[in-house]
Protein chains: 2
Amino acid sequence: MFKDRRIVTYENPDIDEAVNRLNEAFNEKRAVIIVGNCWVDYHGRASSRLEPGERIVIVKEDGAVLVHRSRGYEPVNWQPSGCILQAFKEEDKLVIKAVKRIPHEVVTMFFNKIHFLSTFRLMDEGEFSLYASEEDMQKAILMEPSLIEDGFKPIDYEKRVKPGFIDVYGVDKSGRIVVVEIKRRTAGREAVLQLAKYIETLRRELGREVRGILAAPDISKDARQLLLSLGLDFKRVDPKKCSEVLRRKEERKIVDFF
Amino acid sequence: MFKDRRIVTYENPDIDEAVNRLNEAFNEKRAVIIVGNCWVDYHGRASSRLEPGERIVIVKEDGAVLVHRSRGYEPVNWQPSGCILQAFKEEDKLVIKAVKRIPHEVVTMFFNKIHFLSTFRLMDEGEFSLYASEEDMQKAILMEPSLIEDGFKPIDYEKRVKPGFIDVYGVDKSGRIVVVEIKRRTAGREAVLQLAKYIETLRRELGREVRGILAAPDISKDARQLLLSLGLDFKRVDPKKCSEVLRRKEERKIVDFF
DNA sequence: TGCTAAATCTCGAAC
DNA sequence: GTTCGAGGTTTAGCA
C-alpha cells in the first residue's frame, strides 16, 4: 500500500533498470515521468517523426502518453488513454511502444539517455468545476429572461428544428415569436448564419414573422453587419453575470427549502 | 553552462526551498516538474476550481503551464506559452501564480505538500515532421492530377472566392471547369456544403457550368447522399498514397538535379 | 457506434 | 493586432 503511494525516482538509470522499472509501472498502473534524450515515431491517422532531443514523457495510469518539448501547451506526440504499453531494450536503447486499436495507432519512443525516471500513483479524488459554460448561460436566461429583454417569456429550449436545436425559444412583450441563439464568446458570422437558418425554418413552418436574437458577450464587426442585413438583433450577455444569476437562484432555492 | 543542463531534483522539499528553487527556475527560464498535493483556481475566459489532490505540474521555459491529473490526455488546468510566473509562500502553502494578458487569465496553484520538484533545461533542436497532411494531399494532386481523374488539368490552387479558398481549381478532359475540395479524412456533410458554396459562387461569377469533386479517403453516408442530390462527384484519394507521390516526385527532383 | 457541436480549445498564417 | 482555418484536434452529449 505504502509502496503504491511512494514516489520512486531514479536519476540517470541505465537502460536495463529503466526497462524493468517501466514494465513494473505499466503492470501496476503506476504513472511515469521520464526526462531524457529521445526520438519518436508515430503511425496512425497520419504519420510523424520527431528527431532526437531532450523531452519530458508522461505515461499515466490509464495508459495515456504525452511527449512534451521545451515549449508550448501541446504535446508533440501523444496517445489517449486506453493504450497498451511495453518497454524493452533494443541495441542499447530503451524503446517504449504505446499501441491503441480503433483507430489503430502506434507511438514508438526511443531513448539513448535517461536523465530521470520517476514512478508513482497519484491520489486524486478532488472535484473539478467549470463555471460560465454555454449551458450555464442558457439556464440563467431561462431563469432570468430579462437578461434578453424586458417582457421576454421563454416557451421552450433545445427545441428541435430541421437544421439543429434552438437554444431558447419564446415570445417578446408584443407577442412575437423569438429565437435566441447563445454564444459564450464573441459571436462570429457562423453564429449569425446558424440563427438565420433557424429563423427561416421557423418562418416557413409557422407562416408568421419570427424575431432572432443573438445573445453573447460580444459580436465581431462583420457578424454585426451580417446580423443587421438580416434584420436580426444582438443582445450583450455576460457569461459571468449568468453564473452569478445561477448562483443567486440556487441560493434562493436553498433558502426557499428551509 | 553545465548547471543549465543538469537536472536538479528535490525530494520532499519544504515550502521555503520550493519557493526559492521555483523563482530561480522561472528567472533562468528552466523547465519545472512538480508532483504534489495541490488545488487550483482559474479565472479568465471562464472560471474553474479544482479541489485538492495529487497532480503533476509542468512549467515550461516559455511559461506554458500544465496541470495533469492521473488520467487522460488533457490537462485539467493550463496556461499557454507567454505567461508570467511567480512563486511565493502564503500561510505555510506554496502558491504559484501564472498570469497572462490578452486575454487576461490567471491560474493559481496552491500546494500543501510537494513530493518532488525537478528543474532543468531541455536541449531540443530535433525536427518534427508530420506526413500526409491536407497540404501534402493538395501538393500531390497538383503534381499528379490523375489522382483526381484522367485528363484533369489544375489551373490554380488556394483560389480566393467569396466564401473562402478553393483547394484546387482546373479543367477536366472535356474542358469543363472543375473545383476540387480536399479532405484528409472521411468527408462529412460540412465538406459537401463547402464545395457546393464554391460551385455556386463560381457558377454565378463565370456564368457557366462548374463541376465539383470532393477528394477524400472516404465519405460518410449522409454526405454522399447530399453530394449526389447536388450533382457533385466524389473521388477516393488516399493521404498515404499522396505522401508517396510527394516522396517519389522529390526523389525525381534530386535525380534530375544530378 | 457514429455524428454534432463546443473547447479556458491551441497554433500558425494571412490580412 | 485580428481573423480564419486546421488539428493525429479532444471531449462530451446523443441518435
Side-chain angles (χ1 to χ4, degrees), chain A residues 40-50 64-67 71-81 83 98 100 102-107 128 130-135 137-138 158 160 163-165 167 181-186 188-191 194 218 220-223 239-240, chain B residues 40-50 62 64-67 71-83 98 100 102-107 128-138 158 160 163-165 167 182-191 194 218 220-223 239-240:
Chain A
V40 184
D41 282 342
Y42 155 73
H43 292 286
R45 285 166 292 183
S47 299
S48 74
R49 171 147 185 96
L50 176 63
V65 178
L66 305 164
V67 182
R71 321 168 135 271
Y73 160 86
E74 290 188 330
V76 59
N77 282 109
W78 71 90
Q79 200 68 288
S81 59
C83 76
K100 193 168 74 82
I102 325 166
H104 183 66
E105 303 203 279
V106 182
V107 171
F128 176 72
L130 181 65
Y131 306 101
S133 62
E134 192 174 306
E135 196 186 338
M137 289 179 71
Q138 189 187 48
E158 296 296 328
R160 183 93 178 98
F165 293 88
D167 287 333
E181 174 64 29
I182 303 167
K183 289 290 164 202
R184 210 177 45 69
R185 296 192 298 159
T186 302
R189 277 200 309 254
E190 204 181 333
Q194 204 176 335
D218 204 355
S220 70
K221 215 162 56 181
D222 50 350
K240 282 187 187 163
Chain B
V40 185
D41 281 343
Y42 155 73
H43 292 286
R45 286 166 291 184
S47 299
S48 74
R49 171 146 185 97
L50 175 64
D62 64 349
V65 177
L66 306 164
V67 181
R71 320 168 137 271
Y73 161 82
E74 287 192 331
V76 59
N77 283 109
W78 71 92
Q79 199 68 287
S81 60
C83 75
K100 195 166 73 82
I102 325 168
H104 183 66
E105 302 202 280
V106 182
V107 171
F128 176 73
S129 334
L130 181 66
Y131 305 100
S133 62
E134 191 172 306
E135 194 185 339
D136 288 343
M137 289 179 70
Q138 188 186 48
E158 296 298 326
R160 183 97 178 94
F165 293 87
D167 287 333
I182 302 168
K183 289 291 165 203
R184 210 178 44 70
R185 298 192 298 161
T186 303
R189 277 203 307 254
E190 204 182 334
Q194 204 177 336
D218 204 356
S220 70
K221 215 163 56 182
D222 51 349
K240 284 190 185 159

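The structure displayed is predicted, hence computed values, not measured ones. Per chain, numbering begins at 1; letters A, B, ... match sequence-line order.
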Non-neighbouring partners of A/Arg49 that pass salt bridge (charged side-chain N to carboxylate O under 4.0 Å, His left out), sequence neighbours left out:
A/Asp41, A/Glu51
So does B/Glu135 have more than 12 non-hydrogen atoms from other groups sitting under 6.0 Å from CD?
no
Which nucleotides of nucleotides 7-15 of chain C have their base under 4.0 Å from a protein heavy atom (B), which only their sugar-phosphate (S), and which neither (-), written as one string 5' to 3'?
SBSSS----
Rounded to whole Å, the CG-P distance (B/Asp222 to C/dG2) equals 13 Å
Sequence neighbours excluded, the answer for salt bridge (charged side-chain N to carboxylate O under 4.0 Å, His left out) partners of B/Glu134 is none
In chain order, what residues pass the ring-ring contact (aromatic ring centres under 6.0 Å, His included) check against B/Tyr73, with sequence neighbours excluded?
A/Trp78
Just checking A/Lys100: base, sugar-phosphate only, or nothing, at a heavy-atom cut-off of under 4.0 Å?
nothing
Could you pull out all residues at least two apart from B/Ser220 that satisfy side-chain contact (heavy atoms from CB on, under 4.5 Å)?
B/Thr186, B/Asp222, B/Ala223
Salt bridge (charged side-chain N to carboxylate O under 4.0 Å, His left out) filter on A/Glu181, not counting sequence neighbours, yields A/Lys183
Return the value, rounded to whole Å, for the distance between atom CD1 of A/Ile182 and atom P of C/dA5.
16 Å
The salt bridge (charged side-chain N to carboxylate O under 4.0 Å, His left out) partners of B/Asp62 (sequence neighbours excluded) come to none
With sequence neighbours excluded, residues passing side-chain contact (heavy atoms from CB on, under 4.5 Å) with A/Glu190
none
Extract, from 5' to 3' on DNA chain D, the first and final nucleotides lying under 4.0 angstrom from some heavy atom of chain B.
D/dG1 to D/dT11
Work out how far the P atom of D/dG8 is from that of C/dA5, and round it to whole angstrom.
22 Å
Please state whether the phosphate of C/dA6, meaning OP1 or OP2, lies under 4.0 angstrom from any side-chain nitrogen or oxygen of A/Lys183.
yes
